[in-house]
Amino acid sequence: MIVTTTDVIQGAIIDSYLGIVTAEVVYGSNFIRDFFASIRDVIGGRTASYERLFEQGQRKAIEELEQRAQRLGADAVIGIEFDTGTINIDQSGVLLLITATGTAVKMR
């Protein structure tokens with residue numbers, strides 16, 4: 001299955017638009033990761049553990065988009081966009097949310 005952020009696939013003809021597909025991936029916070037991230041906040045620099053987490057989440061979201069599009073009979077998902085956010089769950093921490101949305105299409 002082709003998955004792309006573009007709204008066209010070069011050389012392909014879209015026969016039908018099957019609908020919007022969305023996938024959500026939610027991760028719980030982790031005390032150790034949060035602790036080291038807070039140190040990075042003070043001294044500066046990138047937080048590799050969170051970067052890996054978001055990279056993994058995007059891969060999982062794409063996999064879920066593909067599965068949902070296949071159930072619709074799609075050959076591709078075009079126009080994919082990612083969104084990230086947090087969900088606060090009282091004083092115990094936050095959940096990290098990664099959402100991917102695209103359009104499932106059938107091609108010739």
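When a residue number appears, it is its place in the shown sequence, counting from 1. Since the model is a prediction, treat every value here as computed from it, not as a measurement.
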Problem set entry | Chi angles and distances behind the side chain to side chain contact (heavy atoms under 4.5 Å, CB included) call for Phe82, Ile62 | CA-CA 10 Å; Phe82 291 97; Ile62 289 172; 3.7 Å; yes
Exercise. With hydrophobic residues grouped by side-chain heavy-atom distances under 4.5 Å, do Tyr17 and Met107 end up in a single group?
Worked result: yes
Exercise. Looking at Glu55 and Arg59, does any basic side-chain N land under 4.0 Å from a carboxylate oxygen?
Worked result: yes
Exercise. Can you tell which of Val26, Thr86, Asp83, Thr84 makes a side-chain contact (heavy atoms from CB on, under 4.5 Å) with Leu97?
Worked result: Val26
Problem set entry | Student check: side-chain heavy atoms of Lys60 and Ile98 closer than 4.5 Å | no
Problem set entry | Check ion pair Glu64-Arg68 (N to O, under 4.0 angstrom) | yes
Exercise. Are any non-hydrogen side-chain atoms of Leu53 and Leu96 less than 4.5 angstrom apart?
Worked result: yes
Exercise. Heavy atoms, side chains only, cut-off 4.5 Å: are Thr5 and Glu81 in contact?
Worked result: no
Seminar exercise, completed: Here the pair of heavy atoms bringing Ala104 nearest to Ala74 is CB-CB, 3.8 Å
Exercise. Can you find a pair of side-chain heavy atoms, one from Ile80 and one from Leu65, that are under 4.5 Å apart?
Worked result: yes
Exercise. Knowing that exactly one of Ile78, Asp7, Thr103, Ile9 qualifies, which makes a side-chain contact (heavy atoms from CB on, under 4.5 Å) with Ile14?
Worked result: Ile78
For this session: Would you mind reporting whether Met1 and Val77 have side-chain heavy atoms less than 4.5 Å apart?
Result: yes
Exercise. Do Arg108 and Asp15 sit within salt-bridge range, that is, some charged N less than 4.0 Å from a carboxylate O?
Worked result: yes
For this session: Say whether, by atom type as modelled, one donor and one acceptor occur between the side chain of Thr6 and the main chain of Val8 under 3.5 angstrom.
Result: yes
Exercise. Taking the side chain as C-beta and beyond, is there a heavy-atom pair between Tyr27 and Leu95 under 4.5 Å?
Worked result: no
Exercise. Heavy-atom distance under 4.5 Å between the side chains of Thr101 and Val21, does that happen here?
Worked result: no
For this session: Indicate yes or no: at least one non-hydrogen side-chain atom of Val3 is less than 4.5 angstrom from one of Glu66.
Result: yes
For this session: Give a yes or no on this: more than 12 heavy atoms of other residues, nucleotides or ligands lie within 6.0 Å of atom CD1 of Ile20.
Result: no
Exercise. Donor-acceptor pair, Lys106 side chain versus Gly73 backbone, under 3.5 Å?
Worked result: yes
